[in-house]
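Scroll down for the structure; my scribbles are underneath it.
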Amino acid sequence: MKPITTILDERISAAIASVTGATDCPALIIPAKNSQFGDYQANGVMAAAKKAKTNPRELAQKIVDALEIDDICEPPEIAGPGFINLRLKDEFLANRLLEVNSDTDRLGIDKADNPQTVVVDYSGPNIAKQMHVGHLRSTIIGDCISRMIEFEGHTVIRQNHIGDWGTQFGMLIALLKEQYPHIIENPDAVEIADLEGFYQAAKAKSDNDEAFAKTARDEVVKLHNHDKDTMAVWGHIVDESRKHYLPIYQQLSVTLQANDERGESFYADKLADVVETLKEQALATESDGAMCVFPPGFQNKEGNPLPFIIQKSDGAFLYATTDLAALRFRINELKADKVIYVTDARQAQHFNMLFETVKMAGWTNDEIDLMHVTFGTMLGTDGKPFKTRTGGTVKLKDLLNEAVERATTVVEEKNPDLPADQKQEIAKAVGIGAVKYADYSNNRNSDFIFSFDKMLAMEGNTAPYMQYAYARIKSIERKASKKDVDIQNELSGIKSLTFTDEAEKDLAKMLIRYDQAIFGAAAECRPNYLTGYLYDLAQAFSRFYNACPVLKADDTQRPVRLLLCDLTARTIKHGLTQLLGIDVVEQM
RNA sequence: GCGCUCGUAGCUCAGUAGGAUAGAGCAUUGGUUUCCUAAACCAAAGGUCACAGGUUCGAAUCCUGUCGGGCGUACCA
C-alpha cells in the first residue's frame with residue numbers, strides 16, 4: 001500500500017504545481033503536531049509562496065481550491081501563516097484500517113521497488129576477550145538496522161568483523177601449547193572455560209618472561225605462514241570463543257550467526273596487495289618509515305597532514321589495512337550497494353579517512369553508499385564510563401543476568417501465582433527487553449546513562465510498557481470464550497467499520513502509520529524513531545483500553561474494538577519481535 | 001591548535017527537511033479500580049532550548065562568535 005503521507009504529498013504537490021507552475025515545491029506532509037490541527041499538515045505552502053513571491057495564505061487558498069482530495073479528507077483548513085490542515089474522513093480511515101488489517105504478513109507495507117544489497121558490519125567482538133558492555137550498542141543497534149532494512153525487502157549481508165588475528169593470538173597459542181602439550185593432536189579435548197582470563201595470563205607472562213615473549217612472536221609468524229600446527233590451535237581458540245559469544249547473541253535475540261563471521265583473519269592474506277595497489281597508484285607514500293595515505297582535510301596536532309597508516313615501520317599491517325581490504329571485498333565480491341558500519345563515534349575520523357582513501361583509489365563510486373552509523377558512550381549513573389563498583393569492565397553476561405534477576409523480582413511481586421517457568425519466561429523477556437529497549441529508545445548519537453533502576457522501572461517509554469499492552473490484549477482474547485464471544489467469527493464477519501469513540505479513531509490513526517515509522521527509522525538508521533512510534537501506539541491503546549470496554553461492548557461496537565485490539569497486538573508484536581528482537585509474552 | 005560531537009523542565013531523555021502554544025517519563029500535587037491485568041488511565045505544576053549576534057514571514061534546529069562537557073588527532077582497534 002502506498003503510504004498516506006505519500007498520497008497526500010502527491011495530491012498537494014500537484015496542486016501546488018498547478019497553481020504556481022513550480023514543480024520543485026513539495027507539500028511537506030507530516031502527522032499533525034497537535035491534534036487540534038487535524039491528522040496531517042502540509043508545511044510546504046509557505047516556501048512555495050516565497051518562491052512564487054505571493055502571499056502564503058492566499059496561495060494556500062488557491063491550492064485548497066485546486067485540490068481534489070475529498071475521497072480522503074474532510075475539507076482542508078488553512079491556518080496560521082499558511083498551513084494546510086487535513087483531517088481524514090472516517091470512511092477513509094476505516095477502509096485503510098481494514099486494508100492494513102487484512103495483510104497478515106506485512107501490515108500493509110510494500111517491499112522496496114529496487115532491492116539493494118546492503119552490508120551491515122556490527123558487533124565485532126575481540127574473541128580473546130569476553131563481550132563487555134562496550135559491545136552491546138554496536139551489537140543491538142546493528143541488529144535492528146539489519147532487521148529493518150531486510151524487512152523493507154533489501155538483501156542484507158551481515159558481517160561480524162571479529163578480532164581473531166594479531167599479536168594477542170601469538171601469546172594465546174604459545175601459552176596453550178605450553179600448558180597443553182597434546183593440544184595439537186587433539187585440540188577439542190582442551191576446553192578453555194575462561195578465555196579472557198587465559199589471555200590475561202598469557203599477556204602477563206609475555207610481559208615478564210622474555211623467552212615466552214619470543215615464542216609468542218614466533219607463533220605470530222607461524223600464524224601468518226599458516227603453519228599447520230599453529231593454525232590447528234588457532235582454530236580451536238576461535239571455536240571456543242564462539243561458545244562464549246553465540247549464547248549471548250541468542251540471549252539478546254540478535255540475528256548474527258556463526259556464518260556471519262568474517263573476521264580479521266579472513267583478510268590477512270589480502271593486506272599486502274592492498275598496500276601494493278595503493279603504492280602503485282602513488283597514493284601510499286613512506287613517512288617516518290610507515291606507509292601512509294594522506295587524504296586531504298585531516299591534520300594532526302602540529303597542523304601537518306594526518307596520515308592514514310596502512311603499514312607500520314616494522315612492516316606489520318594495521319586495522320586501517322584490514323578495513324581497506326574488507327571494504328574492497330564488500331564492494332567487489334559481495335556486490336554491496338551500501339555498506340553500513342556500526343561502531344562508536346570515536347572511530348568517526350578513522351572511517352572518514354577510510355572512505356576518503358577508497359574513493360581516491362577508485363575502489364568505490366558515487367552509486368555506492370558508505371555509511372558510518374555512530375553511537376555515543378554508555379555511562380554509569382555518575383556520568384563517567386560505565387564500570388563495575390570496583391572499577392572493572394562490566395561483562396555483558398553479568399549485566400544481562402542482573403537484568404533478568406531484577407525483572408524476576410518484579411514478576412514475583414506483581415504476579416506471584418503464575419507457574420515458575422512462566423515467571424522465568426516473563427522475567428527473561430522483560431529484563432532483556434528493558435536493556436535493549438533503553439538503548440534503542442535513545443538517540444544513538446547521545447551518550448547514555450545506563451541505569452537498571454530507570455529501565456526496569458517499567459514505566460514510561462520502556463519495553464515492559466509495550467509488553468504489558470500486548471499482554472492485556474491477549475488477556476481479552478483468553479477471556480472471550482468465557483463470555484461467549486467468538487473472536488475469529490466476529491473478525492471475519494467485518495465488512496465495514498464505524499467508529500463510535502474518539503479513542504477508537506485515535507488508535508486507528510496510529511495503526512495506519514506504522515509504515516512511516518519503519519521508513520524513517522530505516523532510512524536514517526535510527527531505531528528510536530521506531531520505539532517512539534511504538535510508544536505512541538501503546539499509549540493510544542492504553543487510552544482506548546481505559547475508555548472502551550471490548551467484550552462488554554454491544555454487538556455493533558464489539559467487532560470494531562476486537563479488530564483494533566487484534567491489529568494493535570500484531571503491530572506491537574511485529575515491531576518488538578521482528579524489528580527490535582524483543583520478546584512479547586502472553587501474560588505478565 | 002585542528003576536527004567530530006553534545007549542552008532542551010529538579011532528574012533521564014525525545015524533538016524525523018526551518019513551521020503553529022518546545023514534548024514524554026520519573027520525581028511532586030490531586031483524581032480514577034462493584035468494570036476485559038492499576039506494570040494502567042486522567043489532570044495540575046514545572047522551560048531564557050548554555051550565552052551573544054546574524055539569516056527570514058518563522059530558529060531548539062541553519063550561519064558566526066563565546067563559554068562548558070565528551071571524544072579523536074602517526075605507527076592500538
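Labels below follow one simple rule: chain letters A, B, ... track the order of the sequence lines, proteins then strands, and each chain is numbered from 1. Since this is a predicted model, take the numbers as computed values, not measurements. The figures here come from the full heavy-atom set of this structure, side chains too, leaving out hydrogens, waters and symmetry mates.
Looking at heavy-atom distances under 4.0 Å, A:L551 makes contact with a base. A:M588 comes within contact range of at least one nucleobase, with a heavy-atom separation under 4.0 Å. Residue A:N55 is classed as having no contact, given no heavy-atom separation below 4.0 Å to the nucleic acid. Looking at heavy-atom distances under 4.0 Å, A:N528 makes contact with sugar-phosphate atoms alone, never a base. Across all strands, A:P56 comes closer than 4.0 Å to no nucleic acid atom at all (heavy-atom distances). If you check every strand for non-hydrogen atoms under 4.0 Å, A:Q36 touches a base. Using a 4.0 Å heavy-atom distance criterion, A:S475 is classed as a base contact. In this structure, A:A79 reaches the bases: a heavy-atom distance under 4.0 Å links it to at least one base atom across the strands shown. Using a 4.0 Å heavy-atom distance criterion, A:Q467 is classed as making no nucleic acid contact. Using a 4.0 Å heavy-atom cutoff across all strands shown, A:C525 reaches no nucleic acid atom at all. Among the atoms of the strands shown, none is found under 4.0 Å from any heavy atom of A:N415.
Proximity note for A:Y535 (side chain, C-beta onward) versus B:A24, B:C41, B:A14: the nearest is B:A24. Closest to the A:M46 side chain, of the nucleotides B:G19, B:U73, B:A38, is B:G19. You'll find that the side chain of A:K301 is closest to B:A74, out of B:C41, B:A74, B:C36. Comparing B:A40, B:U73, B:C36 by their closest approach to the side chain of A:L306 singles out B:U73. Among the nucleotides B:A74, B:C41, B:C13, the one closest to the side chain of A:S542 is B:C41. The side chain of A:Q587 sits closest to B:U37 out of B:U37, B:A77, B:C57. Side-chain proximity of A:L28 to the nucleotides B:A20, B:G25, B:A17 is greatest for B:A17. In the set B:A74, B:A39, B:G25, B:A39 carries the atom at the smallest distance from any side-chain atom of A:K414.
Defined by atom type and a distance below 3.5 Å, a donor-acceptor pair is missing between the side-chain atoms of A:S441 and A:N528. A donor atom on one side chain and an acceptor atom on the other are found under 3.5 Å apart for A:Q168 and A:N126. Judged by distance alone, the side chains of A:D9 and A:T5 never bring a donor and an acceptor atom under 3.5 Å apart. In summary, the side chains of A:D486 and A:Q488 do not present any donor paired with an acceptor at a separation below 3.5 Å, with no hydrogens or angles considered.
Between B:A22 and B:G46, the two P atoms lie 13 Å apart (nearest whole Å). Taking atom C1' in both B:A9 and B:A45, one finds a spacing of 11 Å when rounded to whole Å. Taking atom C1' on both B:A24 and B:G65, the two are 34 Å apart, rounded to the nearest angstrom. B:U8 and B:C2 have their P atoms separated by 25 Å, with the value rounded to a whole Å. Nucleotides B:U64 and B:C26, compared at atom C1', are 38 Å apart to the nearest Å. Distance noted for atom P between B:C42 and B:G25: 8 Å (whole Å). The same atom, P, is picked in B:U16 and in B:G10; the two are 22 Å apart, to the nearest Å. Comparing B:G47 with B:G3, their P atoms sit 37 Å apart, to the nearest whole Å.
Between A:T167 and the phosphate of B:C76, there is no side-chain N or O to OP1/OP2 separation shorter than 4.0 Å. Considering only side-chain N and O atoms, A:Y465 lies under 4.0 angstrom from the phosphate OP1 or OP2 of B:C41. Between A:K479 and the phosphate of B:U37, there is a side-chain N or O to OP1/OP2 separation shorter than 4.0 Å. The side chain of A:N461 contributes no N or O atom lying less than 4.0 Å from OP1 or OP2 of B:C13. Phosphate proximity of B:A38 to A:R472: present, with a side-chain N or O under 4.0 Å from OP1 or OP2. Proximity of A:K552 to the phosphate of B:C35: no side-chain N or O atom is located under 4.0 Å from OP1 or OP2. Listed pair A:R543 / B:A43 fails the phosphate criterion, with no side-chain N or O lying under 4.0 Å from OP1 or OP2.
Summarising the geometry, the separation between OH on A:Y529 and P on B:A14 is reported as 11 Å, rounded to the nearest angstrom. Atom pair A:E302:CD and B:G3:P shows a separation of 16 Å (rounding to whole Å applied). Rounding to whole angstrom units, CG of residue A:N304 and P of B:G1 are separated by 17 Å. Distance, A:N442 CG to B:U12 C1': 8 Å, rounded to whole Å. Remark: C1' of B:A39 and OH of A:Y468 are 6 Å apart, rounded to the nearest angstrom. To the nearest angstrom, P of B:C42 lies 15 Å from CD of A:E502. Summarising the geometry, the separation between CH2 on A:W165 and C1' on B:A77 is reported as 17 Å, rounded to the nearest angstrom. Taking atom CG on A:D447 and atom C1' on B:C4, their separation rounds to 13 Å, with Å as the unit.
Without hydrogens or angle criteria, A:K203 side chain to A:M171 main chain gives no donor-acceptor distance under 3.5 Å.
Nucleotide B:C26 forms a pair with B:G10, judged by Watson-Crick or G-U wobble geometry with both contacts under 3.5 Å. B:A74 makes up no base pair with any nucleotide shown, lacking Watson-Crick or G-U wobble contacts both under 3.5 Å. Pairing for B:G47 is absent, judged as Watson-Crick or G-U wobble with the two contacts each under 3.5 Å. Pair check for B:G18 finds none; no Watson-Crick or G-U wobble contact set falls under 3.5 Å. B:A40 is paired with B:U32 under the criterion used here, namely a Watson-Crick or G-U wobble arrangement in which both key atom distances are under 3.5 Å. Under the Watson-Crick or G-U wobble criterion, with both distances below 3.5 Å, B:A59 is left unpaired in every strand shown.
Each of A:R526 and A:A345 has a nearest nucleotide on RNA chain B; the 5'-most of these lies closest to A:R526. Each of A:N43 and A:E477 was matched to the nucleotide of RNA chain B holding its nearest heavy atom; the match closer to the 5' end belongs to A:N43.
Checked against the 6.0 Å centroid criterion, the rings of A:F169 and A:Y199 do not qualify as a close aromatic pair. Aromatic ring centres of A:F308 and A:H350: separated by under 6.0 Å. A ring-centre distance under 6.0 Å is not found for A:Y122 and A:H135.
The minimum heavy-atom distance linking A:A290 with A:I309 is given by the pair CB-CG2, 4.0 Å.
Per the stacking criterion (ring centres < 5.5 Å, plane angle < 30°), A:Y545 does not stack onto the base of B:A40. Residue A:F37 and nucleotide B:A20 are classified as a stacked aromatic pair, their ring centres being separated by less than 5.5 Å at an interplanar angle below 30°.
A cation-pi contact links A:R513 to A:Y40, judged by a cut-off of 6.0 Å to the six-membered ring centre and 45° from its axis.
Taking only distance into account, the side chain of A:S287 meets the base of B:A74 through a donor-acceptor pair shorter than 3.5 Å.
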